[in-house]
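Indexing begins at 1, ligand by ligand and atom by atom, following the structure's order. The analysis underlying the following values was restricted to heavy atoms, covering all of them including side chains, and did not include hydrogens, waters or symmetry mates. This one's a predicted model, so the numbers in the text were calculated from it and none came from an experiment.
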Amino acid sequence: VDNVPPRTRSRMMAGVRQRHTAPELLVRKVLHSLGLRFRLHKRDLPGSPDIVLQRWKTVILVHGCFWHRHGCNRTTTPSTRSDFWLRKFERNVQRDRECVGKLRRLGWRVVVVWECETRQPIILHRRLRRLFRTPVRTGL
Ligand SMILES: [Zn+2]
């Protein structure tokens with residue numbers, strides 16, 4: 001949260017999900033490089049998933065480590081008002097779980113990409129390529 005401008009932070013805290021974040025853009029770039037077609041923020045699916053690959057019946061959720069509690073070293077908890085934060089995080093995690101459940105019941109494969117994974121684009125590229133078993137292409 002520290003790197004986030006105050007306006008953005010208050011929107012995030014109000015539960016308005018950020019779209020077109022840097023991690024999301026990176027995932028989209030990787031998918032493009034793999035020659036995959038996708039739709040964005042489909043509102044007719046539970047939680048309007050960030051990225052939807054219709055042909056592959058797959059949705060990709062790009063999760064910020066802080067807000068969605070990845071458990072990596074970016075998953076910090078503010079020391080002030082920690083009760084507030086813990087409740088907030090709990091709700092986020094619960095909502096994520098519900099969305100994933102609904103999507104799966106509708107027959108979608110759900111792939112979560114964590115923000116910290118987008119810091120290692122080559123590894124992410126490899127992971128996504130494997131998921132979609134597409135031929136190797138050069139360049140990210
Ligand atoms: Zn993480």
Side-chain angles (χ1 to χ4, degrees):
V1 237
D2 299 339
N3 309 321
V4 170
R7 246 249 242 71
T8 310
R9 184 177 356 193
S10 63
R11 276 212 318 263
M12 288 163 86
M13 286 173 63
V16 181
R17 215 179 57 220
Q18 295 302 293
R19 305 185 189 287
H20 314 294
T21 58
E24 194 183 314
L25 294 179
L26 192 272
V27 174
R28 279 149 64 171
K29 196 170 159 191
V30 171
L31 293 172
H32 271 306
S33 78
L34 291 169
L36 295 161
R37 307 273 307 268
F38 51 87
R39 302 272 309 274
L40 301 176
H41 312 127
K42 267 180 79 72
R43 289 172 189 278
D44 55 339
L45 289 178
S48 44
D50 301 310
I51 297 170
V52 178
L53 296 99
Q54 199 91 40
R55 260 190 63 196
W56 300 82
K57 198 74 176 152
T58 298
V59 307
I60 300 181
L61 310 177
V62 185
H63 279 351
C65 298
F66 176 81
W67 294 98
H68 298 267
R69 311 315 280 169
H70 183 202
C72 68
N73 61 8
R74 302 168 74 89
T75 317
T76 54
T77 300
S79 50
T80 55
R81 301 179 69 208
S82 52
D83 281 358
F84 163 83
W85 287 103
L86 292 174
R87 274 199 303 279
K88 175 144 206 71
F89 293 145
E90 208 172 295
R91 278 199 302 275
N92 285 353
V93 170
Q94 180 64 30
R95 189 167 47 226
D96 289 343
R97 207 178 290 138
E98 283 168 13
C99 284
V100 169
K102 285 181 192 161
L103 288 162
R104 289 199 175 129
R105 281 193 291 281
L106 290 169
W108 291 86
R109 172 170 65 160
V110 180
V111 175
V112 173
V113 172
W114 292 97
E115 174 189 6
C116 61
E117 285 183 86
T118 64
R119 302 231 147 184
Q120 295 180 294
I122 292 171
I123 294 172
L124 179 64
H125 186 276
R126 200 178 302 145
R127 180 185 169 208
L128 293 175
R129 192 179 68 215
R130 206 172 288 139
L131 277 175
F132 299 102
R133 296 204 173 83
T134 49
V136 181
R137 297 195 183 194
T138 50
L140 269 182

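Around the Zn ion (ligand 1), protein atoms of type N, O or S found under 2.8 Å number 4.
For the salt bridge (charged side-chain N to carboxylate O under 4.0 Å, His left out) condition, the pairs that include at least one residue of residues 34-47, sequence neighbours left out, are K42-D44. Listed by first and then second residue, the salt bridge (charged side-chain N to carboxylate O under 4.0 Å, His left out) pairs involving residues 105-124 are R74-E115, E117-R127 (not counting sequence neighbours).
Heavy-atom contacts from other residues, nucleotides or ligands closer than 6.0 Å to CD of E98 number more than 12.
Looking at heavy atoms from C-beta onward, F38 lies out of side-chain contact with R55 at the 4.5 angstrom threshold.
A cation-pi arrangement is present between R69 and F66 under the rule of less than 6.0 angstrom and at most 45 degrees off the ring axis.
For H63, the ring-ring contact (aromatic ring centres under 6.0 Å, His included) partners at least two apart in sequence or on another chain are H68, W114.
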